[in-house]
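Each remark here refers to the structure printed beneath this line.
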There are 4 protein chains.
Amino acid sequence: MSDKKKRILKATEKLLAMYGFHGISMQMVAKEAGVAAGTIYRYFEDKDDLLQQLHDHILSYVANKISQNVSDEMPLEQRFRIIWLNIWNMTTQEDAPIINRGQFETLPRRESHEQRLLEKKMFAKVDRLFNEGKACGLFKPLDNEILGVLSLESCACLARKHVNGVFKVNDAALDAAISASWDAIIQHKH
Amino acid sequence: MSDKKKRILKATEKLLAMYGFHGISMQMVAKEAGVAAGTIYRYFEDKDDLLQQLHDHILSYVANKISQNVSDEMPLEQRFRIIWLNIWNMTTQEDAPIINRGQFETLPRRESHEQRLLEKKMFAKVDRLFNEGKACGLFKPLDNEILGVLSLESCACLARKHVNGVFKVNDAALDAAISASWDAIIQHKH
Amino acid sequence: MSDKKKRILKATEKLLAMYGFHGISMQMVAKEAGVAAGTIYRYFEDKDDLLQQLHDHILSYVANKISQNVSDEMPLEQRFRIIWLNIWNMTTQEDAPIINRGQFETLPRRESHEQRLLEKKMFAKVDRLFNEGKACGLFKPLDNEILGVLSLESCACLARKHVNGVFKVNDAALDAAISASWDAIIQHKH
Amino acid sequence: MSDKKKRILKATEKLLAMYGFHGISMQMVAKEAGVAAGTIYRYFEDKDDLLQQLHDHILSYVANKISQNVSDEMPLEQRFRIIWLNIWNMTTQEDAPIINRGQFETLPRRESHEQRLLEKKMFAKVDRLFNEGKACGLFKPLDNEILGVLSLESCACLARKHVNGVFKVNDAALDAAISASWDAIIQHKH
DNA sequence: CATGAATGAGAATTCATTCAT
DNA sequence: CATGAATGAATTCTCATTCAT
């Protein structure tokens, strides 16, 4: 990808996190990226396209991050903890994509092919994890999407609030939160 | 509250859910509410104030809904299920506030006194539930905020995806999801 | 004249002096006058009419002030000094009409009959003064309008700058300025 | 200075003279200048800035005009007559700045450094004239500001009324008016 | 008569997009 | 390819005026 295009995407991401959709102008993006306003239109159809491509760009980043260091050979709980922590770290790290999905929600959906592929890839390892867990009776017999919400969305939500300063999660609490997420999806004898 | 003001808030809420912050104009709000553009400014300082007051308005609605039919005399698990279902119903019902909190996130915070009071009220019963649960050793010893995310945000997230059609949650799955949320916060013998 | 009408004119004058034409609204006038916005339209056709009537109102005040204590029997120089000081005092006094004519200049002229009469009356005594002065060879043989500018506009200009704080005119300077204005219009042997 | 900026200033000046502050809109300025409305904002911060810059622009023009053809080596009276006529011509000529200072009076003052410099420059030669005149006992011992009002403001006022058609000043009267202004500030034996 | 809520045309200003250089 | 001045439609907000109470 061209250096200019990267700089434009990076600038857009930064400004989007700071000001939200309303409140960023193409002029601002151009200035932040150090290019002329017209240059943006060499790489992007229009403002919507810029935002959409940024969305795909971040999704691609997320897809990679989430599955990092996870091997299908590992024990289930180890895989779960690594994925959980991948999400946590991705959200809380310094160079994290500072945007959460909510901020893209009002975009007129393009439902691009690339996006579909990315989302599939993003959850491939998670899907296998859930499938195996259910197959051996360890996990609750629920749809993968529901299991995902119950265990991993909590993580993302927790991380976002931690980053935003709503509250702080220390190391002990973090470990307990992982266990809690695990407890949410495994079967318990009552 | 004046009829006109209510209509303006209702119209704003509808449009906000449809188009997000960017993409709604005061003209659109006026038209949707059936008032003249200038009329909005009799009731709201400016666009930001309109959005902020809408936020407070919805928060107030949510605060009431969430605590409905919950009594501090009930057993812990019953209280938890009612609260969980209150959130679920509030989000999935026909006349629900169509907006989720994420859509207010980029708003410049006013941190009004009223807002603080509302948020306190909103979680008063939830707070007592968590405190009692921890006191008797049933719940994990985590901050109430964290317990809230682990058990109730999952509910809201699930409900939102159910409504948006990302996936459907049937009655059996719903019951299992409540149990899973409960499992997330109670202590288990290992 | 009705009390309400007077209050409206007074309020308009005050606001006009503070903000100029642009920058005063009928709402502001109503608030300052302590009446409802609609009430203004009982007494004035529209905004232009309000301003025009205010103009006439002030002109009437000025016309009276300027000729105060001046009798056609007095010696020429005494009459001149009284008129000069009338202008000075009118402009610098506490309850002076705070507006100068320049602020009315862009008003769409109505050239009302009343206005014509007032302006005639305003300068009647001044006219007689100049005519007598020229008849006896004391004054320069110039049109009264020109004599007026040379001697009395200087006074008004001086007073305005004194009030606005551009510079301050002490008693000695004031007396010298009157003499200078007198010098401007009388004939000198060279 | 850019051609567009000049055209905008010129257009503003024209409209200001015709309609006053209230009553000119940015759209009108844009149309008169033959540019798009948005273009004005490339050169001027906002409407106030446009008006302020116009003020400075005109002041600069006036400063130059007033001192034209005046040399400190000339006799006092000659210098006075030239300055007086400079003001007269500047005000009555075809391409004169059509605006008088009064029209800027309601503008919120910026008191810029540039403005101070210009006003100093504007009156430098006038200041020297008055100082020398007082030093040799020819002029009345009054502040330069007061001498200025007594002799030169009369000129500007006369010229304005001449241009506006309030009355007409023929060549003989003009010469007499200069002498009258001179008489106003020189010492006379009584 | 007096009120002031409501109106909607018009104001200032912004900003996505184009295009001559 | 890159630029950034120019555009003008769209946006937020104001305010003279009306009219039901």
Side-chain angles (χ1 to χ4, degrees), chain A residues 2-5 8 22-31 33-51, chain B residues 2-5 7-8 21-31 33-51, chain C residues 2-5 8 22-31 33-51, chain D residues 2-5 7-8 21-31 33-51:
Chain A
S2 132
D3 169 59
K4 287 239 163 82
K5 185 167 184 182
I8 292 168
H22 71 303
I24 75 173
S25 70
M26 298 303 262
Q27 266 90 347
M28 282 168 75
V29 171
K31 197 174 177 185
V35 301
T39 305
I40 300 177
Y41 290 84
R42 290 258 149 226
Y43 300 101
F44 304 93
E45 198 81 17
D46 53 22
K47 198 182 182 185
D48 268 359
D49 184 45
L50 168 59
L51 262 6
Chain B
S2 129
D3 171 58
K4 287 248 164 76
K5 185 166 184 182
R7 269 156 58 198
I8 294 168
F21 273 133
H22 74 296
I24 75 174
S25 74
M26 297 306 260
Q27 293 292 349
M28 284 167 74
V29 172
K31 198 173 177 185
V35 300
T39 303
I40 301 176
Y41 292 86
R42 289 205 67 77
Y43 299 101
F44 304 93
E45 199 80 21
D46 52 21
K47 197 180 181 184
D48 265 2
D49 185 45
L50 168 59
L51 264 5
Chain C
S2 130
D3 170 60
K4 287 238 164 85
K5 185 167 183 181
I8 293 168
H22 70 301
I24 75 173
S25 70
M26 298 302 262
Q27 267 90 346
M28 282 168 75
V29 172
K31 197 175 177 185
V35 302
T39 306
I40 301 178
Y41 290 84
R42 291 260 149 225
Y43 300 100
F44 304 93
E45 198 82 16
D46 54 21
K47 197 181 182 185
D48 267 358
D49 184 46
L50 168 60
L51 265 2
Chain D
S2 129
D3 170 58
K4 287 248 163 75
K5 184 167 184 180
R7 269 157 55 199
I8 293 168
F21 274 133
H22 74 296
I24 75 173
S25 72
M26 298 304 260
Q27 293 292 349
M28 285 168 73
V29 172
K31 197 172 178 185
V35 300
T39 304
I40 301 176
Y41 292 85
R42 290 206 68 77
Y43 298 101
F44 304 93
E45 201 81 20
D46 51 23
K47 199 181 181 183
D48 266 1
D49 185 45
L50 169 59
L51 264 4

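Chain naming here is simple, since letters A, B, ... match the order of the sequence lines and numbering starts at 1 in each. Everything quoted here is computed from the prediction, not taken from an experiment.
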Expressed as a whole number of angstroms, how long is the span from [X]:[atom1] to [N]:[atom2]?
| X | N | atom1 | atom2 | answer |
| --- | --- | --- | --- | --- |
| B/Ile40 | E/dG8 | CD1 | C1' | 12 Å |
| D/Phe44 | F/dA6 | CZ | C1' | 15 Å |
| C/Ile8 | E/dC1 | CD1 | P | 13 Å |
| A/Met28 | F/dG4 | CE | P | 18 Å |
| C/Lys31 | E/dA2 | NZ | C1' | 19 Å |
| D/Lys5 | F/dA6 | NZ | P | 12 Å |
| A/Leu51 | E/dA16 | CG | P | 10 Å |
| C/Arg42 | F/dT18 | CZ | P | 12 Å |

Exercise. Nearest nucleotide by nearest heavy atom, which residue falls closer to the 5' end of DNA chain E, A/Ser25 or B/Val35?
Worked result: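 Its nearest nucleotide lies further toward 5', so the answer is B/Val35.
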
Problem set entry | 5'-most by nearest nucleotide on DNA chain E - A/Ala37 or D/Glu45 |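 Per heavy-atom nearest nucleotide, the more 5' residue is D/Glu45.
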
Exercise. Taking only side-chain nitrogens and oxygens of C/Lys47, does any of them come within less than 4.0 Å of OP1 or OP2 of F/dC15?
Worked result: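 Looking at the OP1 and OP2 atoms of F/dC15, neither is under 4.0 Å from any side-chain N or O of C/Lys47.
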
Exercise. Within the pair C/Tyr41 and F/dC19, is there a side-chain N or O less than 4.0 Å away from OP1 or OP2?
Worked result: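 For C/Tyr41, the contact criterion (side-chain N or O under 4.0 Å from OP1 or OP2 of F/dC19) is not met.
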
For this session: Nearest-nucleotide wise, let me know which of C/Gly38 and D/Ser2 is further upstream toward the 5' end of DNA chain F.
Result: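 Nearer the 5' end of the strand: D/Ser2.
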
Problem set entry | 5′-ward residue of the pair C/Ile24/A/Gln27 relative to DNA chain F |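 Closest to the 5' end, via its nearest nucleotide, is A/Gln27.
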
Exercise. How is B/Met26 classified with respect to the nucleic acid when contacts are heavy atoms under 4.0 Å: base, sugar-phosphate, or nothing?
Worked result: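 Counting heavy atoms under 4.0 Å across all strands, the contact made by B/Met26 is with sugar-phosphate only.
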
For this session: Identify whether any heavy atom of B/Tyr43 sits under 4.0 Å from a base atom; if not, whether one sits that close to sugar-phosphate; answer base, sugar-phosphate or nothing.
Result: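 Sugar-phosphate contact only - B/Tyr43 comes under 4.0 Å of backbone atoms but never of a base.
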
For this session: Over all heavy atoms of both residues, which pair between A/Ile8 and A/Ile40 is shortest? Give the atoms and the distance, please.
Result: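 That closest heavy-atom pairing would be CD1-CA, 4.0 Å.
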
Exercise. Nearest heavy-atom pair of C/Ala36 and C/Ala30: which atoms, and what distance?
Worked result: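 The answer is C-CB, 3.9 Å.
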
Exercise. Can you tell me how far the CG atom of A/Asp49 sits from the OH atom of A/Tyr43, to the nearest 0.5 Å?
Worked result: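 That separation rounds to 14.0 Å.
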
For this session: First locate atom NZ of D/Lys5, then atom OG1 of D/Thr39, and finally report the distance between them rounded to the nearest 0.5 Å.
Result: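 Here the interatomic distance stands at 14.0 Å.
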
Problem set entry | For F/dA10, the Watson-Crick or wobble partner whose two distances fall under 3.5 Å |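 F/dA10 is paired with E/dT13.
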
Exercise. Does E/dA2 have a Watson-Crick or wobble mate here (both distances under 3.5 Å), and if so which one?
Worked result: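 The base-pairing partner of E/dA2, which may sit in any strand shown, is F/dT21.
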
Problem set entry | side-chain contact (heavy atoms from CB on, under 4.5 Å) assessment of A/Val29 paired with A/Lys47 | CA-CA 10 Å; A/Val29 171; A/Lys47 198 182 182 185; over 6 Å; no

Exercise. Nearest of F/dG8, E/dT17, F/dA16 to any side-chain atom of D/Ala36?
Worked result: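 Nearest to the side chain of D/Ala36 among the choices is F/dG8.
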
For this session: For the side chain of A/Lys4, starting at C-beta, report the closest nucleotide among E/dT13, F/dT7, F/dT3.
Result: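 Minimum distance to the A/Lys4 side chain belongs to F/dT3.
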
